[in-house]
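For reference, the structure discussed in these notes is given below.
All values reported here derive from a predicted model rather than from experimental measurement. Below, read A as the first sequence line, B as the second, and so on, with proteins coming before strands; counting in each chain starts at 1.
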Amino acid sequence: MSTTDASYRRRDDAAYPPLDHPDYGSTRTRHPKQPPVPLEHTLSEVTGPGPALAEVMPQDADLTTNAGTGAEAMGERIIVTGRVLDEDGTPQANTLVEIWQCNAAGRYIHEGDQHPAPIDPNFIGRGRCATDEDGTYRFLTIKPGAYPWRNHPNAWRPAHIHFSLFGPALVTRLITQMYFPGDPLHELDPIMGSVPREHWHRMIGDYDHSITQEEWALGYRFDIVLRGPDATPFEAGGAGALA
Amino acid sequence: MSATEPTPELLPQTPSQTVGPFFHYALTEEPIDRLDPDGQAGQAIVVHGTVRDGAGDLVRDAMIEVWQADGGGRYRHPADGRSADVPSSFIGFGRVAVAKETGEFSVTTVMPGTVPGRGGTVQAPHLNVHVFARGLLNHLHTRVYFEGAAANDADPVLTGVPSERRHTLLARPDGEQDGLRRYRFDVVLQGEGETVFFDA
């Protein structure tokens, strides 16, 4: 059996941010100046760590209590759920989804965050879960606040949750951010603005009243689409499947 | 799906965004810096280095991910038909942040074997590396080869890189650490000596 003829579709360059985006000041000394060298996909690119990384505990997905203090995080409780799919709409089952975010007051628990907003000792702002057979993930968390940063005068980041996913291959690795609908800061944010506006909807969660739970939490839906296979990468259930 | 999508038969890919500066608690609180904890997957080595920006300054909020084959050149993944032979303790994945004080990253792993390439070619031993940092709106993808490896001269990827830049993909022997052979690989994001990054 050939193991090296498979490949994945290329990045959607129309919707992906450029590495050089001067409005986001940190790119100026960090973006490579040489064009990237095209790389045909080999076994090195069509394999990846994802299938081996889905060991999580149920409590890891509850950011309102996973600080382990015995007390609940402060803020507006929200449910964030969605499906991880590839471009063909195939659910990505058993995929590790990791998130991190600031607290309701707009502060990360990270020591590098010196924004003078309160730290919530009951909120560490990280969570993870694995998708189910339908590609669905689900987190219970606190709506993150906006916070200032020093990119430009009076710069504030819109509320967002960072997402990290692996998918089935090295080339499906994705780190992105989920933004919240209707936030006036979207228009002013150079990180979000690195993606052409017509594609922002791919990064904005939808308020979904069917997810909202009465007297408990508002609900948002955020589906994530990873790059899909360009050819059948391997025989399903074939030799070498992970034990 | 909106009418603006150019390829209506496909779902639209979710775009990348930067990892930002505050990923540590979520992604590297439990660093994965020993890829072969049971020492069964091959010859143990240490790979370490730094990440520098276009001003020559250390990038102190970078994260490095490593994906590699075992000493037999096999990936622990169903797309590799030989994965059943990979030692069970070896997942081939590492993830570390650079140390805030020194700007260094380090992983203890094994020297990978040669890996099948396209069209019956042989790929020299290499690590597949992703670099994440504040200021990188999409992570960077590179490979670490090993200086002096016999298979380098025939590696289809390495030999496809302009010869004057090829050295940026080579880890160099750098003494020993805890009795293991150590290799140094420094990442340069921009400017003179800029690391070759791949568009995969």
Intermediate values then yes/no, side-chain hydrogen bond (donor to acceptor under 3.5 Å, both in side chains), S26(A) and R134(B): CA-CA 7 Å; S26(A) 295; R134(B) 171 177 60 87; 2.8 Å; yes

Proximity of Y108(A) and Y25(B) rings by center, below 6.0 Å: no

Under 4.5 Å from any heavy atom of chain A - which part of Q68(B): neither

Residue among V195(A), L85(A), D113(A), L165(A) with most heavy-atom pairs under 4.5 Å to chain B: D113(A)

Closest non-hydrogen atom pair, T27(A) against G135(B): CG2-O, 3.2 Å

Contacting region of R52(B) [heavy-atom separation from chain A under 4.5 Å]: neither

Options L174(A), I191(A), L39(A), ranked by heavy-atom pairs under 4.5 Å with chain B, top entry: L39(A)

Atom of P32(A), atom of F197(B) and distance for their closest heavy-atom approach: CG-CD1, 3.6 Å

Portion of V59(B) that has a non-hydrogen atom of chain A nearer than 4.5 angstrom: both

Single hit among H199(A), R202(A), R11(A), E87(A) for side chain to side chain donor-acceptor pair (under 3.5 Å) with Q13(B): E87(A)

SB check K33(A) E192(B) (cutoff 4.0 Å): no

Between M203(A), E45(A), Q34(A), R128(A), the one whose heavy-atom pairs under 4.5 Å with chain B are most numerous: Q34(A)

side-chain contact (heavy atoms from CB on, under 4.5 Å) between L170(A) and H141(B), intermediate numbers included: CA-CA 10 Å; L170(A) 190 68; H141(B) 182 138; 3.6 Å; yes

side-chain contact (heavy atoms from CB on, under 4.5 Å) between L11(B) and D86(A), worked out: CA-CA 7 Å; L11(B) 296 178; D86(A) 71 12; over 6 Å; no

T42(A) and Q123(B): CA distance, side-chain angles, deciding distance, side-chain hydrogen bond (donor to acceptor under 3.5 Å, both in side chains) verdict: CA-CA 9 Å; T42(A) 71; Q123(B) 303 191 77; 3.0 Å; yes

Point-to-point distance, once rounded to the nearest 0.5 Å, from CG of D88(A) to CD of E9(B): 9.5 Å

Taking every non-hydrogen atom, the tightest pair across A200(B) and V171(A): O-CG1, 3.5 Å

Contact origin within V115(B) toward chain A - heavy atom pairs under 4.5 Å: side chain

Under 4.5 Å from a heavy atom of chain A, the part of R143(B) involved: side chain

Considering all heavy atoms, the nearest P17(A)-Q17(B) contact: CG-NE2, 4.5 Å

Shortest non-hydrogen contact between W100(A) and V19(B), atoms and distance: CZ2-O, 3.4 Å

From CZ (R227(A)) to CG (L10(B)), nearest 0.5 Å: 13.0 Å

N-O pairing of R30(A) and D57(B) below 4.0 Å: no

Any donor-acceptor pair under 3.5 Å from T176(A) side chain to P15(B) backbone: yes

Toward chain A, the part of F198(B) with a non-hydrogen atom under 4.5 Å: both

Which atoms of F23(B) approach chain A - backbone, side chain, both or neither, heavy atom under 4.5 Å: both

Under-4.0 Å salt bridge between E98(A) and R95(B): yes

Option passing ring-ring contact (aromatic ring centres under 6.0 Å, His included) with F22(B) (candidates H115(A), H160(A), H110(A), H162(A)): H110(A)

